[in-house]
Novice: 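Right, I'll just put the structure down here and ask away after.
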Amino acid sequence: MLKFPAGDRIVVNGAVIENVGRGARLRLLTPETQLLRLRDAIDPAAAVTPVGRLAHSVQMMLIGELCPADALPDLVTALAPLRHAFIDPEDRACIDALRQHLQDGQFYQALRHLGRLRRKEAVLLAVART
């Protein structure tokens with residue numbers, strides 16, 4: 001069950017849908033539906049960190065703008081340096097789960113893990129700047 005406030009935009013299988021009325025609830029009956037709220041989307045200009053670039057690429061695969069067969073080998077390869085940069089066991093477990101979701105074609109689940117890593121990356125970069 002998904003809730004969308006008025007004015008919220010989502011991408012469903014590559015189509016942008018806007019809720020123009022009151023808040024709406026949707027129940028997705030098709031298990032493989034690729035859905036992304038535009039407010040959660042990563043602007044390409046904002047994807048300037050390693051995790052941000054990876055998340056943007058996964059987002060592009062999710063909405064059908066990037067071919068998974070072409071992009072997945074590079075994305076999986078990009079996880080190795082991240083696994084060395086994130087030394088916390090929970091972060092490494094997150095990266096391992098992310099790898100599995102990518103290999104299984106579960107891009108929405110991969111984005112959820114990338115969201116956690118993006119927050120952690122932001123904290124690490126902020127500490128490094130000080």
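Fair warning: this is a prediction, and the values are worked out from it, not measured in the lab.
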Novice: Distance check, rounded to the nearest 0.5 Å: Leu54 atom CG versus His113 atom NE2?
Specialist: 12.5 Å
Novice: Please identify which of these residues, His101, Gln100, Arg112, meets the side-chain contact (heavy atoms from CB on, under 4.5 Å) condition with Gln106.
Specialist: His101
Novice: Taking all heavy atoms of Asp74 and all of Asp70, pick out the closest pair and write down the distance.
Specialist: OD2-O, 4.5 Å
Novice: Would the distance check show the side chain of Glu121 and the main-chain N or O of Thr49 forming a donor-acceptor pair, the cut-off being under 3.5 Å?
Specialist: no
Novice: Are Met60 and Leu111 joined in one hydrophobic group, where the rule is that I, L, V, M, F, W and Y side chains link up if heavy atoms are under 4.5 Å apart?
Specialist: yes
Novice: How far does SG of Cys94 sit from CG of Leu117, to the nearest 0.5 angstrom?
Specialist: 4.0 Å
Novice: Please give me the minimum heavy-atom distance between Leu82 and Pro50, naming the atom from each residue.
Specialist: CD2-CB, 4.1 Å
Novice: Please name the pair of heavy atoms, one in Ala47 and one in His56, separated by the smallest distance, quoted to 0.1 Å.
Specialist: CB-CB, 3.8 Å
Novice: Specify the closest pair of heavy atoms between Asp43 and Ala45, including all atoms of both residues, with the distance to one decimal.
Specialist: OD1-N, 2.9 Å
Novice: How far apart are the closest heavy atoms of Ala110 and Leu102, and which atoms are they?
Specialist: CB-CD2, 3.9 Å
Novice: Under the criterion side chain to side chain contact (heavy atoms under 4.5 Å, CB included), I'd like the reasoning laid out for Met61 against Leu75: C-alpha separation, chi angles, the key distance, then a yes or no.
Specialist: CA-CA 11 Å; Met61 288 191 309; Leu75 296 180; 3.4 Å; yes
Novice: Minimum heavy-atom separation for Pro68 to Pro73, with atom names?
Specialist: O-CD, 4.3 Å
Novice: Step by step, work out the side chain to side chain contact (heavy atoms under 4.5 Å, CB included) result for Leu72 and Gln103.
Specialist: CA-CA 8 Å; Leu72 275 175; Gln103 291 171 337; over 6 Å; no
Novice: Side chains of Leu79 and Asp96: does their closest heavy-atom pair fall under 4.5 Å?
Specialist: no
Novice: Which residue in the set Leu114, Leu98, Leu125 passes side-chain contact (heavy atoms from CB on, under 4.5 Å) when paired with Val51?
Specialist: Leu114
Novice: Between Arg118 and Gly52 (side chain of the first, backbone of the second, donor and acceptor by atom type, cut-off under 3.5 Å), is there such a pair?
Specialist: no
Novice: Begin from the C-alpha positions of Val58 and Tyr108 and carry the test side chain to side chain contact (heavy atoms under 4.5 Å, CB included) through to its verdict.
Specialist: CA-CA 8 Å; Val58 173; Tyr108 182 78; over 6 Å; no
Novice: In residues 84-91, what donor-acceptor pairs under 3.5 Å come from side-chain atoms, sequence neighbours left out?
Specialist:
from, atom 1, to, atom 2, distance (Å)
Asp88, OD2, Glu90, N, 2.9
Asp88, OD2, Asp91, N, 3.4
Glu90, OE1, Arg116, NH2, 3.3
Asp91, OD1, Arg116, NH1, 2.7
Asp91, OD2, Lys120, NZ, 2.8

